[in-house]
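The block underneath contains the structure these notes are about, expressed in structure tokens.
In what follows, every heavy atom counts, from backbone to side chain, and hydrogens, waters and symmetry copies are set aside.
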Amino acid sequence: MHVPARIGVLARSICSLQGRLLAGLAMTWLVIVGLVLLLAWQFGKGLVDDANLAHLRYESQLIANDLSEQVERRLRALERLEQGLRNVPANEVPARLENAQVLLEWFEGLMVADADGRVVADWPIVPGRAGLETAATEYFRMLRHSPWPYVSQPFIGRASGDSLVLMLVPRFDDQGVFNGVVGGMINLTHGGLFRRLEEIRLGDDGYVSVFTATGEALFHPRRAGGAVLGRPLGHSDALQQALNGWQGEAIASSGEGTPTLMAYRQIWPASWIVKVAIPQTQVQAPLGDFLARLWWAWLALAVLMLITMRWLVRRLLRPLHRLERQIAQVGAGERRYLELSTSMHELRQVAGSFNRLEHERLAALEHLRDRQAFLDAVLGSTPIGMFVADLKGRINYLNPALLELLGLEVTHEARDLWGRIHPDDRRGTEDMWRYTLSTGSDFVRQLRFLHPDGVTLWVEVHASQVLGNDQPLGFVGMVKDITERRQQEALQRWEAEHDPLTGLLNRRGFERRLEEALAEYSKTGTPSVLILFDLDHFKPINDEGGHALGDEMLRRVAQVVAWEVRRSDHVARQGGDEFAVLLPSCTLKQAGEIAESLRRAVSEVTVSNAGKTYSITLSMGVTALQEGDDAIESVFARADRASYQAKADGRNAVVVTTSDDDLIDSLW
């Protein structure tokens, strides 16, 4: 056959009904596959990132909890050692320290220093350590003015050359007077504190690192020995927020500039931070591989489908050829009527009304069965928990997602579901369900459910009545797990009233408590006192040492103030270097004594930078709630004027005011 003839045959084949059907099917299949793959990639990336961020959140929290527990165990062991050394003569301290040999499982070495900072004993004995002066170190100065255990900044050991940190607790005599410190050394290079982290595997490039709140690295698997002093990798906004006390998850650029999924958690007992990171390319690589394999599978399926459809189309077109032959036979008088057995609509019209009606009935019945199967498949495969109840409220179907969410078996009856509702929520839920059954209104309620694993879940239930031909048929309900959302809402309520830097109340939280105290004073006459103060000489700390040094001073001041006041008192950071203290059930005289103790304690707080030590003082205004105080603004204004008077009188002073007319009542 000549080439032009072949081209003509091919053109006629393409322009035929069979060719057009196959070409349209191929184009439609390719477009659908392309769109599905594109959408799967776009939406899949977000889902993969979210799933891995949730995994990082869980992993980082486990690591942070484990390290916090290890740090707390070691600090508690040092506290027990400190209690055993109370009232022990100085010459017996080395022997007592040697008897604590079991602590060397946790510490590389132990040391005891007296109230002047001189090391009086150590174990194992290292030449030159006994008699060493530590009074000038940051950790000794910190513990001198603080009753809490403290973990030092990392440093290089002089004898071993390894990275070390000191865990320390203050020593006290029977009168509670500071008597020195007890410390244990942790080896970050060869110690066991981070040994578990070295075994964690997060793919090829994922890693876990630990660093201090000042940014010094304690552990990083990419560095020799695991723990090397230095700055952590990267300079992202999330890292800077973590250094300021934030914890959470983010997607940011790593030190190499690649997008990375990161999770930060705080180790509060030691002021350390855990970072868990996985490169985004590593996270999304399985999705890309899966879509590539899916593309080739769909392409192979398309070829197979075209071959099958070509055979099927040729088979479907056979009645047309039979119709042509029968018409020719009728024309020739060889037959009297058409006898066709086909599902083609056009040929059914030729074959007769009966065949058409029968075919439509069978098609409608098939469509109904398909729709029922589709609905059953939707209920069975949907990831959302769903249930079906009759008009009497009996639950007769729970889909697999709901069974899995609530920890129920397929064999469990409806009473098992009601029996596991939290006792405090059960009666209200039953009353509302009965009201829904009687009125047909929607059932919407949040309640707690007791999971068989011992976990209490918060779930949201929404059930609606189903109508058919305007007649009620039953109820269909949906159940969602809102446990994480409830926990997040509780956390947000706490964050809304607290300062993230110091952990004290913020202005909003403090004003609410002052309003409550004012209302209590108006009703019962319960006295309360307000103290306002800011930090004298704070600006040079920020200007010369930077905001990080200023923030450290603010945190230390907050710790000292919170320690000095009573447990029932409220301490707040109003903003900047302004603080406020509310003393409920306190007289003005008692408040003046408390303010003076605060002034003395804070004046001993210092921070150091570049060899220079900074300290601050307080200018304090004190006032009590009085008759005629109808708003907290008047109380604030009175205390604020007293605070300004303290500054005007030379700072480092406490001014007490009793009324607006007689502003200055007493001056320390």
Side-chain angles (χ1 to χ4, degrees), residues 138-139 141-148 150-153 212-216 239-247 266-273 494-511 513 530-565 569-582 594-595 597-610 612-621 636 639-640 643 646-647 651-652 654:
E138 56 90 15
Y139 59 80
R141 293 198 306 272
M142 186 65 185
L143 289 174
R144 181 191 292 274
H145 304 292
S146 173
W148 301 294
Y150 181 72
V151 180
S152 74
Q153 295 294 317
T212 68
T214 59
E216 294 190 67
L239 173 61
Q240 298 304 318
Q241 292 176 4
L243 294 177
N244 292 329
W246 170 82
Q247 55 184 4
Q266 302 288 334
I267 305 175
W268 300 113
S271 293
W272 294 348
I273 302 167
W494 186 91
E495 292 176 343
E497 291 191 349
H498 288 78
D499 174 52
L501 177 64
T502 62
L504 303 178
L505 291 171
N506 58 18
R507 179 181 293 274
R508 176 182 177 182
F510 187 79
E511 288 180 350
R513 286 158 178 78
L530 172 65
I531 302 176
L532 290 182
F533 62 90
D534 58 12
L535 309 185
D536 304 324
H537 315 298
F538 181 69
K539 189 174 184 298
I541 299 177
N542 268 337
D543 294 343
E544 300 175 13
H547 289 289
L549 188 65
D551 290 347
E552 180 64 20
M553 174 60 81
L554 292 174
R555 281 192 290 268
R556 294 188 181 184
V557 169
Q559 291 175 349
V560 171
V561 173
W563 174 257
E564 291 291 332
V565 300
D569 299 334
H570 304 294
V571 183
R573 180 187 174 211
Q574 295 284 86
D577 63 337
E578 297 178 357
F579 291 79
V581 181
L582 176 62
I594 293 174
S597 68
L598 289 176
R599 186 191 63 80
R600 289 195 303 268
V602 172
S603 65
E604 297 179 357
V605 176
T606 62
V607 293
S608 301
N609 182 61
K612 185 175 180 180
T613 301
Y614 299 87
S615 62
I616 49 92
T617 58
L618 303 182
S619 296
M620 312 181 72
F636 270 117
D640 197 49
S643 174
K647 278 195 178 293
R651 296 186 173 91
N652 195 23
V654 179

Heavy-atom closest pair (Ala601 atom, Val560 atom, distance to 0.1 Å) is CB-CG1, 3.6 Å

Any donor-acceptor pair under 3.5 Å linking the side-chain atoms of Thr502 with those of Asp499?
yes

Could you check whether any side-chain heavy atom of Leu505 comes within less than 4.5 Å of a side-chain heavy atom of Val571, counting everything from C-beta outward?
no

Sequence neighbours excluded - ring pair (Phe, Tyr, Trp, His ring centres under 6.0 Å) pairs with any residue from residues 533-554
Phe533-Phe579

What's the verdict on side chain to side chain contact (heavy atoms under 4.5 Å, CB included) for Asn542 and Leu549, showing C-alpha distance, side-chain angles and the deciding distance?
CA-CA 7 Å; Asn542 268 337; Leu549 188 65; over 6 Å; no

Measuring from atom OG1 of Thr212 to atom CG of Leu243, what distance do you get when rounded to the nearest 0.5 angstrom?
8.0 Å

For Ser643 and Ser619, work out which heavy atoms get closest and say how close.
OG-O, 3.3 Å

Check: Thr214 and Gln153 side chains under 4.5 Å, non-hydrogen atoms:
yes

Contact check, side chains of Thr613 and Val607, non-hydrogen atoms, under 4.5 Å:
no

Is the shortest side-chain N to carboxylate O distance from Glu497 to Arg513 below 4.0 Å?
yes

Under the side chain to side chain donor-acceptor pair (under 3.5 Å) test, residues paired with Glu138 that sit two or more places apart:
Tyr150

Got a donor-acceptor contact below 3.5 angstrom from the Ser146 side chain to the Leu143 backbone?
no

Side chains of Ile273 and Ile267, heavy atoms from C-beta outward: is any pair under 4.5 Å?
no

For the residue pair Arg573 and Asn506, confirm or rule out a side-chain donor-acceptor distance under 3.5 Å.
no

Met142 vs Gln559, side chain to side chain contact (heavy atoms under 4.5 Å, CB included): CA-CA, chis, key distance, verdict:
CA-CA 11 Å; Met142 186 65 185; Gln559 291 175 349; 3.2 Å; yes

Gap between atom CG of Asp551 and atom CD1 of Ile541 - 0.5 Å precision
11.0 Å

Would you say Gln574 and Phe636 make side-chain contact, with heavy atoms under 4.5 Å?
yes

When every non-hydrogen atom of Ser608 is compared with those of Arg141, the smallest separation belongs to OG-NH2, 3.0 Å

First locate atom CZ of Arg651, then atom CG of Asp534, and finally report the distance between them rounded to the nearest 0.5 Å.
8.5 Å

List the residues meeting side chain to side chain donor-acceptor pair (under 3.5 Å) with Thr617, not counting sequence neighbours, and say none if there are none.
Asp536

Please name the pair of heavy atoms, one in Leu532 and one in Ala580, separated by the smallest distance, quoted to 0.1 Å.
CD2-CB, 3.4 Å

How about Ile616 and Val557: do any of their side-chain heavy atoms sit closer than 4.5 Å?
yes

Residues in salt bridge (Lys or Arg N to Asp or Glu O under 4.0 Å) contact with Asp577, at least two apart in sequence or another chain:
none

Closest approach of Met553 and Ser615, non-hydrogen atoms and distance?
CE-CA, 4.4 Å

Is any side-chain heavy atom of Val561 less than 4.5 Å from a side-chain heavy atom of Val602?
yes

Set of ring pair (Phe, Tyr, Trp, His ring centres under 6.0 Å) partners for Trp246, sequence neighbours left out
none

Ring pair (Phe, Tyr, Trp, His ring centres under 6.0 Å) against Trp268, all qualifying residues, sequence neighbours excluded:
none

Verify, without hydrogens or angle tests, whether Gln247 (side chain) and Gln266 (backbone) share a donor-acceptor contact under 3.5 angstrom.
yes

One pair to check against side chain to side chain contact (heavy atoms under 4.5 Å, CB included): Tyr614 and Val605. What are the steps and the verdict?
CA-CA 9 Å; Tyr614 299 87; Val605 176; over 6 Å; no

Test salt bridge (Lys or Arg N to Asp or Glu O under 4.0 Å) applied to Arg508 - qualifying residues, sequence neighbours left out:
none

How close do Ala558 and Leu504 get, counting heavy atoms only, and between which atoms?
CB-CD1, 3.5 Å

For Glu552, check salt bridge (Lys or Arg N to Asp or Glu O under 4.0 Å) against everything at least two apart and list the hits.
Arg555, Arg556

Suppose we screen for ring pair (Phe, Tyr, Trp, His ring centres under 6.0 Å). Which residues come up paired with His498, at least two apart in sequence or across chains?
Trp494

Sequence-distant partners of Glu511, side chain to side chain donor-acceptor pair (under 3.5 Å), two or more places apart:
none

List the residues meeting salt bridge (Lys or Arg N to Asp or Glu O under 4.0 Å) with Glu544, not counting sequence neighbours, and say none if there are none.
Lys612

So, do Ile594 and Glu564 sit near enough that their side-chain heavy atoms are less than 4.5 Å apart?
no

With sequence neighbours left out, write down each residue that passes side chain to side chain donor-acceptor pair (under 3.5 Å) with Asp543, or none if nothing qualifies.
Lys539

